[in-house]
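Comments concern the structure below.
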Amino acid sequence: MPGSLPGGQLDLVREAAMHVGDSLNVVQTAQELADVLVPSFGDFASVNLAEAVFDGDEPVKRLGGGDLHLRNAAMAPASVVWPAGLKRGDRVPPFRDHPLLRSIQHGETVTLSRDEILSVIGDPQRAELILPKNAHSVTVSPLHARGLTLGVIAAWRVGTCAPFTEAETRLLAQIASWGALAIDNARRYTREHRAAVMLQQHLLPPATTNTPAAETAGVYLPAGGGAEIGGDWFDAIPLPSLRLALVAGDVLGHGMSATATMGRLRSAIQTLADLELEPDELLTRISDLVQRLAAESAPGTEDTISATCLYAVYNPVTRHCSLASAGHPPPVLVRPDGTAEVIEVSPGPPLAISGMPYETTTLTLEPGSILALYTDGVITQDDRDMDHGLQRLTKGLAASCRADRALDDTGRSLLADLTDQPLSDDAALLLARTHTIPAQDNAYWEFAADPSAVSEARQSAGRQLNQWGLQDLIFTTELIVSELVTNAIRHARPPVTLHLLRHNVLVCEVTDSSPTQPRLRRAHTNDEGGRGLFIVAQLAMRWGCRYGQDGKTIWAEQPIEHPH
């Protein structure tokens with residue numbers, strides 16, 4: 001019975017130490033604290049916390065009456081109903097300034113009779129919101145931890161129970177001190193978790209994209225139902241000449257360090273992707289970066305700097321998809337007819353391991369194919385058997401991927417079916433439905449290594465743009481073609497090919513068999529040449545160079561004012 005605690009005070013403190021603070025959730029910790037007090041200490045208990053605490057922030061330091069910016073976090077017993085209907089989550093009504101209120105705000109635990117409570121509240125109608133029915137005694141203790149007053153805890157006695165004694169007041173102060181530390185731990189975790197979530201959200205790309213190469217949709221689910229933040233990521237990176245890079249990666253471990261490493265790797269891959277490296281070469285350079293990060297890390301943490309990655313580049317003109325894996329699970333391909341299969345990729349070592357080469361695999365995709373990239377959390381949730389999980393994923397993709405269904409809906413429902421329990425590891429899934437550029441939007445020519453071919457190339461480009469209705473770009477395109485073909489004939493080796501590609505931009509590509517790096521330089525007044533690339537750079541929206549097995553391609557893009 002409340003009030004009679006012979007020899008039981010130590011047990012109550014022990015119970016508070018054992019049962020309060022198991023959770024890092026602010027509201028759940030407050031409820032655990034309230035439950036400890038009922039019925040052993042009081043008939044009712046309530047925990048009111050500063051509104052900022054719910055979001056993980058520090059409460060405002062203030063004294064006196066008025067709106068104290070408190071909100072109810074917990075009540076005990078669970079079935080308690082205040083006369084005026086005060087519910088969990090409701091804001092606590094304002095208090096007038098009073099010496100007893102200031103005593104609590106200064107860290108003192110006080111016990112009040114019903115009349116003293118009414119004196120502090122001042123307004124009988126407001127008192128009904130705060131006082132349980134027939135309550136005659138209350139002891140109130142501030143929740144003070146690490147220099148912050150997080151809120152207050154109150155225990156009530158009703159009916160014929162004896163009022164709180166001075167010893168019980170001291171007991172509540174001791175329990176409140178323990179509970180305040182637990183609540184502050186939960187608050188600090190909430191703050192750090194929110195910061196990690198915000199960091200990860202800022203680091204991840206948009207969930208959906210739509211480019212000339214493919215429509216993509218990505219889904220990310222953190223481990224532990226959102227309790228753990230990790231380093232899984234996906235990316236869809238538009239490349240020159242309407243191509244698209246697709247990425248899925250997984251950094252070892254969880255927490256802010258894994259998220260920060262993920263952000264660094266994603267930025268590095270985006271930068272290297274813009275250099276238009278082959279997938280195997282890109283992963284080799286990223287592996288070198290990971291090794292440098294491990295060398296820079298604090299002693300004893302080198303082993304945590306590790307990651308796997310799958311990098312793919314899709315060309316909507318040739319419909320070729322080139323990909324390479326750094327210890328990452330293989331992608332799954334869903335064909336337009338609904339059949340699905342795992343793509344066999346030669347897996348290289350994870351990014352932290354040096355000295356081992358990566359290998360590029362190339363396949364041809366039908367228009368409307370769906371390529372699924374994912375992290376191992378998607379296929380290792382239940383029995384940790386990756387083969388079984390991969391079979392489940394393949395069957396799920398075959399059943400879910402339909403031409404009339406949005407990719408983001410497909411991705412979300414697929415992950416929900418595959419991960420129907422709280423995840424033990426992060427899960428990221430990227431779906432890409434491929435497009436193709438129609439043949440009528442492509443034009444190819446091959447020219448001999450003869451200066452007369454420059455005029456022929458310029459005329460061919462002009463005729464093609466006239467057929468496409470792009471008369472406003474004929475002059476600038478002829479200049480670009482003239483400069484690029486002249487450079488290829490003068491400095492490179494045959495054959496020389498010209499490729500025009502029309503979509504939302506006009507792409508002009510000149511390919512030759514020389515690996516020589518073109519260089520933009522400023523020609524001197526008396527120089528007869530050296531201005532070609534400078535002219536191209538002035539006329540084009542952007543330009544660049546990429547290398548293949550048989551030479552290099554210099555490209556330039558111009559915006560189309562009214563794309564077809």
Side-chain angles (χ1 to χ4, degrees), residues 211-213 238-244 274-276 313 315-318 320 436-521 529-548 550-564:
T211 70
L239 299 178
S241 302
L242 308 184
R243 297 172 308 135
L244 181 68
D274 204 43
L275 296 179
E276 304 187 76
V313 175
N315 187 334
V317 177
T318 62
H320 291 166
T436 188
I437 304 300
Q440 61 266 27
D441 291 330
N442 287 280
Y444 286 93
W445 300 270
E446 184 172 321
F447 302 102
D450 186 282
S452 63
V454 176
S455 175
E456 183 182 351
R458 187 169 55 242
Q459 294 173 7
S460 298
R463 286 193 297 269
Q464 184 62 58
L465 264 61
N466 192 60
Q467 293 179 18
W468 283 342
L470 299 178
Q471 289 82 2
D472 56 326
L473 295 180
I474 290 178
F475 177 73
T476 55
T477 303
E478 287 182 343
L479 281 177
I480 292 173
V481 168
S482 179
E483 297 299 336
L484 294 183
V485 173
T486 297
N487 283 347
I489 292 175
R490 180 178 299 174
H491 303 292
R493 299 190 301 268
V496 175
T497 63
L498 170 63
H499 175 207
L500 294 183
L501 173 62
R502 175 184 65 163
H503 198 269
N504 54 347
V505 293
L506 176 66
V507 181
C508 174
E509 296 182 338
V510 173
T511 302
D512 60 65
S513 58
S514 171
T516 305
Q517 168 70 45
R519 185 166 61 91
L520 180 66
R521 67 183 182 91
R531 299 176 179 83
L533 288 181
F534 180 78
I535 293 174
V536 171
Q538 299 305 305
L539 296 176
M541 179 175 62
R542 60 174 184 165
W543 72 280
C545 178
R546 66 174 175 271
Y547 294 89
D550 300 322
K552 69 175 182 298
T553 297
I554 304 177
W555 56 266
E557 291 182 359
Q558 299 177 81
I560 295 178
E561 187 172 347
H562 302 291
H564 68 287

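All of these numbers come straight from a predicted model, not from anything done at the bench.
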- [ ] Quick one: pull up CG in Leu242 and OG1 in Thr211 and give me the separation to the nearest 0.5 Å.
- [x] 8.5 Å
Open item on the list: Can you confirm whether Tyr444 is buried at OH, in the sense that more than 12 heavy atoms of other residues, nucleotides or ligands lie under 6.0 Å from that atom?
Closed with: yes
- [ ] Enter the distance from Leu239:CG to Asp274:CG here, rounded to the nearest 0.5 Å.
- [x] 7.5 Å
Open item on the list: Looking at Ser241 and Arg243, would you say the former's side chain and the latter's main chain have a donor-acceptor pair under 3.5 Å?
Closed with: no
Open item on the list: Going by salt bridge (charged side-chain N to carboxylate O under 4.0 Å, His left out), name the residues that satisfy it together with Arg458, two or more places apart in sequence or in a different chain.
Closed with: none
Task: Donor-acceptor pair, side chain of Ser455 and main chain of Ser452, under 3.5 angstrom - done: no
Open item on the list: If you count every heavy atom of other residues, nucleotides or ligands that lies below 6.0 Å from Gln440 atom CD, does the total exceed 12?
Closed with: yes
Open item on the list: Could you walk me through whether Asn466 and Gln471 satisfy the side chain to side chain contact (heavy atoms under 4.5 Å, CB included) test, starting with their C-alpha distance in whole Å, then the side-chain angles of each, then the deciding distance to 0.1 Å, before giving a yes or no?
Closed with: CA-CA 5 Å; Asn466 192 60; Gln471 289 82 2; 3.1 Å; yes
TODO: Provide the closest heavy-atom pair for Ala540 versus Gln558 in the form atom of the first, atom of the second, distance.
DONE: CA-CG, 4.4 Å
- [ ] Output all residues satisfying salt bridge (charged side-chain N to carboxylate O under 4.0 Å, His left out) with Arg463, sequence neighbours left out; order by chain, then residue number.
- [x] none
Task: Which atom of Trp555 lies closest to which atom of Glu276, heavy atoms considered - done: NE1-OE2, 2.7 Å
Open item on the list: Less than 4.5 Å apart, side chain to side chain, heavy atoms only: is that true for Thr511 and His499?
Closed with: no
- [ ] Output the distance between atom CG (Leu484) and atom CD1 (Ile489), rounded to the nearest 0.5 Å.
- [x] 11.5 Å
Task: Working for side chain to side chain contact (heavy atoms under 4.5 Å, CB included), residues Leu539 and Glu483 - done: CA-CA 11 Å; Leu539 296 176; Glu483 297 299 336; over 6 Å; no
Open item on the list: Within the 3.5 Å criterion, strictly below it, is a donor on Gln464 or Ser460 matched to an acceptor on the partner's side chain?
Closed with: no
Open item on the list: Please report the interatomic distance CD(Glu561) to CG(Leu470), rounded to the nearest 0.5 Å.
Closed with: 11.0 Å
Task: Spacing of Leu473 atom CG and Ile560 atom CD1 [to the nearest 0.5 Å] - done: 6.5 Å
- [ ] Check side-chain hydrogen bond (donor to acceptor under 3.5 Å, both in side chains) between Asp472 and all other residues, then give those that pass, not counting sequence neighbours.
- [x] none
TODO: Heavy atoms only: give me the nearest Ile554-Trp543 pair and the separation to one decimal.
DONE: CG2-CE3, 4.3 Å
- [ ] Take Leu465 and Leu506 through the side chain to side chain contact (heavy atoms under 4.5 Å, CB included) test and state the conclusion after the steps.
- [x] CA-CA 10 Å; Leu465 264 61; Leu506 176 66; 3.8 Å; yes
- [ ] Mind listing the closest non-hydrogen atom pair of Val481 and Cys508 along with its distance?
- [x] CG2-SG, 3.6 Å
Task: Atom pair CD1/OG1 of Ile535 and Thr476 - distance to nearest 0.5 Å - done: 12.5 Å
Task: Closest non-hydrogen atom pair, Thr436 against Pro316 - done: OG1-O, 3.1 Å
Task: Lys/Arg N to Asp/Glu carboxylate O, Glu509 vs Arg546, below 4.0 Å - done: yes
TODO: Check whether any side-chain heavy atom of Asn504 sits under 4.5 Å from a side-chain heavy atom of Pro212, and report yes or no.
DONE: yes
TODO: Could you pull out the closest heavy-atom pair between Ala488 and Asp512, with the gap in Å?
DONE: CB-OD2, 3.8 Å
